[in-house]
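Below is one structure. I have some questions about it.
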Protein chains: 2
Amino acid sequence: MIFRINQSAGVPLYIQLMEQVKHAVELGALREGDQLPTIRKVAEELVINPNTVVRAYRELEHEGVLELKHGSGAFITEPSGKRAPLIAKAQAIVQSAIDRLAALGLTEEELRRIFESQLAQVRAEGRMEKQKG
Amino acid sequence: MIFRINQSAGVPLYIQLMEQVKHAVELGALREGDQLPTIRKVAEELVINPNTVVRAYRELEHEGVLELKHGSGAFITEPSGKRAPLIAKAQAIVQSAIDRLAALGLTEEELRRIFESQLAQVRAEGRMEKQKG
DNA sequence: CAAAGTGTACTATTCAAGTAATACACTACA
DNA sequence: TGTAGTGTATTACTTGAATAGTACACTTTG
């Protein structure tokens, strides 16, 4: 598991970390029992404070995604679920769309704004699932 | 111009407002000379503090997107540019992708994570334009 | 058993976002 | 000319994110 964070995104770092772990689990890249990188190691690699990583891990534990074992490490507890193929399919769709958009010469910022705008549209129309399943 | 904000998104409200104005300009929905809703009106509609709106508008002014005219209002200064058709095309691509994804029964959160993950991918590979043009 | 590596627990501090309330200054318009 | 509606300015406060540093407790491994 390799984390990528964006310091200037406005989104709290611990949220970014949480999202990435969740995504890896949803995709099946992380499975039940897998060990996550150490709090200290993550903090060191990303040059952020260990407390920030602690916060992310602890919230994930609270949500039942992983388990923190005192003295030994953080381990995934949530089974990858049957949705993994669905997520993989969705990922393919997104990838092809982003590829086309990148080829058009769009900026990341422009792309983000378009994405948010369209998402808000779908949300407002109630066409988006609110809970898994 | 109608604003939509998401209080629980983690993204600062003034940033959300800025992004939406920029997007409207990029898309050509807002043109040079168009007046934006009043600071007080926006604050009232969204039930947020006027200072937050002021901040968004002021930063947009600083970026040259709009002009604040004391006593009269906020007006777009930036021409819509030749990129409008490009943005419109991009928007169509995104819309069709999101429609397909929504139909799959994906959650907004799942979709966001997939989007961020793929975007990070493209960014890391340097396949994304960094400046307009 | 000892040491290294892990998570846990504190306290203090800094910074940005957002709220709240008030007063002021300029402009458009009847 | 006045008044309503606009942006401007200021001060104070609350909250959450993130940093910084230190000490402690548990587990694994040699």
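Per chain, numbering begins at 1; letters A, B, ... match sequence-line order.
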Parallel, tilted or perpendicular, as decided by the 30° and 60° cut-offs, for the rings of Y57(A) and F3(A): tilted
Whichever of Y57(B) and N51(B) has the more 5' nearest nucleotide on DNA chain D, that residue is Y57(B)
A side-chain contact here means heavy atoms from C-beta on lying under 4.5 Å apart; do L13(A) and V53(A) qualify? no
I want to check one thing: is the phosphate of dA17(C), taken as OP1 and OP2, less than 4.0 Å away from some side-chain N or O of T52(B)? no
Does a donor on one side chain and an acceptor on the other come within less than 3.5 Å for Q95(A) and Q91(A)? no
Short side-chain N/O contact to dA18(D) OP1/OP2 from Y14(A), under 4.0 Å: no
Applying salt bridge (charged side-chain N to carboxylate O under 4.0 Å, His left out), which residue pairs with at least one partner in residues 79-90 of chain A are found, sequence neighbours left out? R83(A)-E110(B)
Which of residues 58-75 of chain A sit near DNA chain C, with a heavy atom under 4.0 Å from it? R58(A), L68(A), K69(A), H70(A), G71(A), S72(A), G73(A), A74(A)
Indicate, yes or no, whether a donor-acceptor pair under 3.5 Å links the base of dG5(D) to the side chain of R40(B). no
Less than 4.0 angstrom between a side-chain N/O of R55(B) and OP1 or OP2 of dA17(C), yes or no? yes
Looking only at side-chain N and O atoms, does T38(A) come under 4.0 Å of OP1 or OP2 in dT6(C)? yes
Considering only heavy atoms from C-beta outward, does the side chain of E109(B) approach that of H23(A) to under 4.5 Å? no
